[in-house]
Each structure stands twice: as structure tokens, then as C-alpha cells.
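Read through the structure below, which is laid out as C-alpha cells, and then see the notes.
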Amino acid sequence: MSAPDNDWNHRAACRFSNPDDLFVDGAAQNRAKAVCGGCPVRTECLAHALDHRIEHGIWGGMTERERRALLRRRPTVTSWRTLLEAARNEHEGHARAMACTG
């Protein structure tokens, strides 16, 4: 993996968390997902987990079950990073446009 693809993890909200706290089951998953709420690199993290088919843990605010369901719904996606970053950019552009007209 090239450095630019992996640089995001140094800015992750969970970088100082105990890794065991992100690889939990049941209700503890909701606490782990909460860490992702305001994370500045949530999109990159989720894309990494989807593109690399990571099966365990909370990544980008999604559990393994949620990621598997997403992968099943969108089997033709070849780059989740490209797709998710495009969606984020579109959303941010729309939000900026709404702020200017608001």
C-alpha cells in the first residue's frame, strides 16, 4: 500500500484508543461506533475496510455485519475509496451551496 493511501490513519479519532475497544461484539459496538462520529477520516477508514475486505472490527463507523451487507448490495464497486470520496465531495459541495443561498 502506498503512503498516501495510508496517511489517513494518523488523523483518525481512534488513534489513541485501545485497539481492543474497536473489535467488540454486541452493545459495545455502539460505543465503538460513537468514536467514529466526528472522525475527520471516517470516509477513508471505511473505504479501506471495504476495499481490503476487512472482516472484523469497527471501521468508518460500520460493524462487520453492516460492511458485509453493503458489499452484497454493491458487488460491482471496484474502488470504495473513489466512490465514497466522490459522494463526500458532492455532499460537501451541496452543503456549501445551501449555505451560500441560505
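The first residue of the sequence shown is numbered 1, and numbering continues consecutively from there.
- In the hydrophobic clustering, V24 connects to no other residue, as no ILVMFWY side-chain heavy atoms lie under 4.5 Å from its own.
- V41 is not listed as a side-chain neighbour of N9, based on a closest heavy-atom distance of 4.5 Å or more.
- If you chain together hydrophobic residues whose side chains sit under 4.5 Å apart, F23 and I54 fall into the same group.
- With hydrogens and angles ignored, the 3.5 Å screen pairs a side-chain donor or acceptor of H52 with a backbone N or O of H48.
- In this structure R88 satisfies the side-chain contact (heavy atoms from CB on, under 4.5 Å) test together with T43, E44, E85, E92, sequence neighbours excluded.
- Across all non-hydrogen atoms, the minimal contact from R67 to W59 is NH1-N, 3.6 Å.
- Here the closest heavy-atom approach between residue A12 and residue C39 is recorded as CA-SG, 3.8 Å.
- Listed by chain and number, the hydrophobic cluster partners of V77 are L46, L50, M62, L70, L71, W80, L83, L84, where partners are ILVMFWY side chains within reach of under 4.5 Å, directly or through others.
- Looking at residues two or more places apart in sequence or on another chain, you find a side-chain contact (heavy atoms from CB on, under 4.5 Å) between T82 and S79.
- For the side chain to side chain donor-acceptor pair (under 3.5 Å) condition, the pairs that include at least one residue of residues 29-40, sequence neighbours left out, are Q29-E64, K33-E66.
- Of all heavy-atom pairs spanning G61 and C36, the tightest one is N-SG, 3.3 Å.
- Nearest approach of P40 to R11, heavy atoms of both residues: CG-O, 3.4 Å.
- In terms of heavy-atom proximity, V35 sits nearest to S17 at CG1-OG, 4.4 Å.
- Between the side chain of R81 and the backbone N or O of A47 there is no donor-acceptor pair closer than 3.5 Å.
- The side-chain contact (heavy atoms from CB on, under 4.5 Å) test applied to R15 returns no partner, not counting sequence neighbours.
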